[in-house]
Amino acid sequence: MTEQERIMQLRTELHRHNHNYYVLNAPTISDQEFDALLRELQDLEERHPELYDANSPTQRVGSDLSQEFVAVAHKRPMLSLANTYNKDEVREFYERVSEGLGGEPFEICCELKFDGLSISLHYEDGRLVRAVTRGDGVQGDDVTSNIRTIRSIPLQLEARPAVPAVAADGQADLFASPASEPVAPWPREFEIRGEVLMPWTSFEALNREREAAEEPLFANPRNAASGTLKSKQTAVVAARKLDAYLYYLLGDELPADGHYENMEAARAWGFKVSDHMRKAASLDEIFDYIDYWDTERKRLPVATDGIVLKVNSLRQQQTLGMTAKSPRWAIAYKFQAEQASTVLREVTYQVGRTGAVTPVANMDPVQLSGTIVRRATLHNADFVEQLGLHLGDHVLVEKGGEIIPKIVSVDEAFITPERGPKVQFIQRCPECGATLVRYEGEAAWYCPNDAGCPPQIKGRIEHFVSRKAMNIDTLGPETIDDFYARGLIHNYADLYTLTVDQLSGYNDSRIRSARKTIQAIADSRQVPFERVLFALGIRFVGENVAKVLARSFKNIDALAAASLDDFLQINTIGAAIAESVKQWFANPDNLELVERLRTYGLQMSLSEETLARQSDRLAGQTIVISGVFARHSRDEYKALIEQHGGKNAGSISAKTSFILAGENMGPAKLEKAQRLGVRIVGEQEFLEMIGEA
Ligand code: IVH
């Protein structure tokens, strides 16, 4: 056998082992044997770069190189589903379908609604060629390289004998195709959609790791999966252990008229298709399915948030058609968030970096959606008041999509005349004793002692070092806590005075990490001005406002000297932001901080490069971006518009100056533009306008 032949053989073999392991959960070789084959393939591929294949099993490990995502238009729009929340609404859907089909018999395919993010996969000649996120439904990001690292997604299809669906729920499935039927061939070209998920076990492991590294936790597996899939490094995706279930086959030459049957074919081609799809011939069968999975879903390895019901016949789907947003032939039934009853013992108060005081309910531990709940946020004083809470009350807690549970109501059934004392919102800061204040139009109470209240001081430092600000990633909350407690830092400017000896405490084992921290702090002096501005932690100056201010004033001295009027000249800056910035710079302590940061070498003005790119060529113009572009990404165009004084808008109106249109502009936008007589400017023309052609 030649080396070329061996490469091909190994690829096929490894694809099959991947499928056995990650789709069928039935490996036929050990991990060591798998690794040995993979290494052999890696070695051979290194010797034969001419045989490179992006779909080789070796590519699943990913790389550290940074990638940019390109926006691409969906071949067919990715619609979402109408939601229903109770059986009456399901019945209405069923009746609408029946009526729409003129009374002819129909079947409904019942399936789980997976709670991840949807993905569209394109295959040509049995090979994965492109994977696109949903985006806005018309266009999404090309994330093919990231998707290739998901082991359960086949990169190269191979016909396999159909594996019958396991009736784990004991419901007889009369319509399932018998295993002996020949497998239909896959169309030369097709699209298959599904959900990318992070299984509970991977999610919990990831959050444990992040907690140890003092990184912010993901609120739920959906956010974790979506954050992961947007990662610029494929190696990060590969390490995070995502999974994917496929649930929708699209194309011109599908094997069958039945959705269910097509999914069975897809399963036989190697896709991971849920074992829990069932066809129902009556409303009662649908209700049985819903009832069964309402409780049983808690035992699944992945998060689900409902049931999806689809008219099975594609012909009938076509008859029923679509509304503007969703198909008439399918709906989602959403599960009720799980609730539990427990007893409220105490209300404690947390002070954030802005001084906002958040009340927290401390309750008797109670089991809820797989975790033990002891605490729930009470948001603010109004929320506490609305609930009418008394200590000792029985309360109903609920866990929706988020990790933090909330109190829904007092459990009235338990209220007795000898009820505990009513919860009164505190009047003094629990950390520093200052009298709390309330600002007009805001729900929160604030501790005004920003210079002396420890959680505010530490919170501001945490914000300063955070990723989107100065990005000093070796400093987590616990380290900052420690430095503050040791008296090493009192504000963020102090970070730049730290020495290796102070950090290590002359302890040899800590020198390496101390050096790393000092280096990271030193490196942060290169962080651009707009992010420094964001890092200062001025109230209402988020990431975007900081960018606008940096672009408008160009340096910190001009910003500090700006009058209220100067601010209000800027389109997107309102009075609240203007007031807050002025106040901040009126405080001598803050001016001193700025002066110190300046001496330490931080960027206090826009770089030459950014300044050179600026102009007023688009001043006063409101521009809508639509379609897909060749030269820059949409985000880059948005930034360019702002750099040249223009304003971005999301939708077309009479105020739109022009539309910057790439390929595949959506038909609805085109129609609206024509109706309102809004000019359409192509990519090339736009680049000429801003002098970048
Ligand atoms: S079918 C036109 N089936 O739910 C029908 N969607 O709001 C397209 N989802 O965007 C979707 N599980 O991300 C379908 N078994 C399932 C699903 C499912 C989860 C998601 C999907 C979609 C959203 C609908």
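Numbering of ligands and ligand atoms starts at 1, following listing order. Along the sequence shown, the residues carry numbers beginning at 1.
- Defined by atom type and a distance below 3.5 Å, a donor-acceptor pair is missing between the side-chain atoms of Glu107 and His259.
- Annotation: Trp293 is not in aromatic contact with Tyr333 [ring centroid separation under 6.0 Å not met].
- The environment of Arg91 atom CZ is sparse: at most 12 non-hydrogen atoms of other residues, nucleotides or ligands sit within 6.0 angstrom.
- For ligand 1, the polar-atom distance check finds an N/O of Lys310 within less than 3.5 Å of one of the ligand's N/O atoms.
- Residue Glu124 qualifies as enclosed at atom CD: its count of foreign heavy atoms under 6.0 Å is above 12.
- Counting only heavy atoms of the protein, atom 20 (C) of ligand 1 lies nearest to Glu195 OE1, 3.5 Å.
- Atoms of ligand 1 found under 4.0 Å from any heavy atom of Glu111 (numbered from 1 in listed order, with element): 3 (N), 15 (N), 16 (C).
- For atom 2 (C) of ligand 1, the closest non-hydrogen atom of the protein is Pro327 CG, 3.5 Å.
- Protein heavy atom closest to atom 10 (O) of ligand 1, with residue, atom name and distance, is Ser118 OG, 3.7 Å.
- Polar contact with ligand 1: present for Leu112 (N/O pair, distance under 3.5 Å).
- Considering backbone and side-chain atoms alike, Leu79 places every N or O at 3.5 Å or more from each N or O of ligand 1.
- Judged by the 6.0 Å distance and 45° axis criteria, Lys272 is positioned over the aromatic ring of Tyr245.
- At a 3.5 angstrom cut-off on N or O pairs, Leu117 does not count as close to ligand 1.
- Of all protein heavy atoms, the one lying nearest to atom 23 (C) of ligand 1 is Lys113 NZ, 4.1 Å.
- In terms of protein heavy-atom proximity, atom 7 (O) of ligand 1 is nearest to Leu81 N, 3.2 Å.
- The environment of CZ in Arg675 is crowded: more than 12 heavy-atom neighbours from other residues, nucleotides or ligands sit within 6.0 Å.
- Taking only non-hydrogen atoms, the option from Phe114, Tyr247, Tyr248, Tyr245 nearest to atom 22 (C) of ligand 1 is Tyr247.
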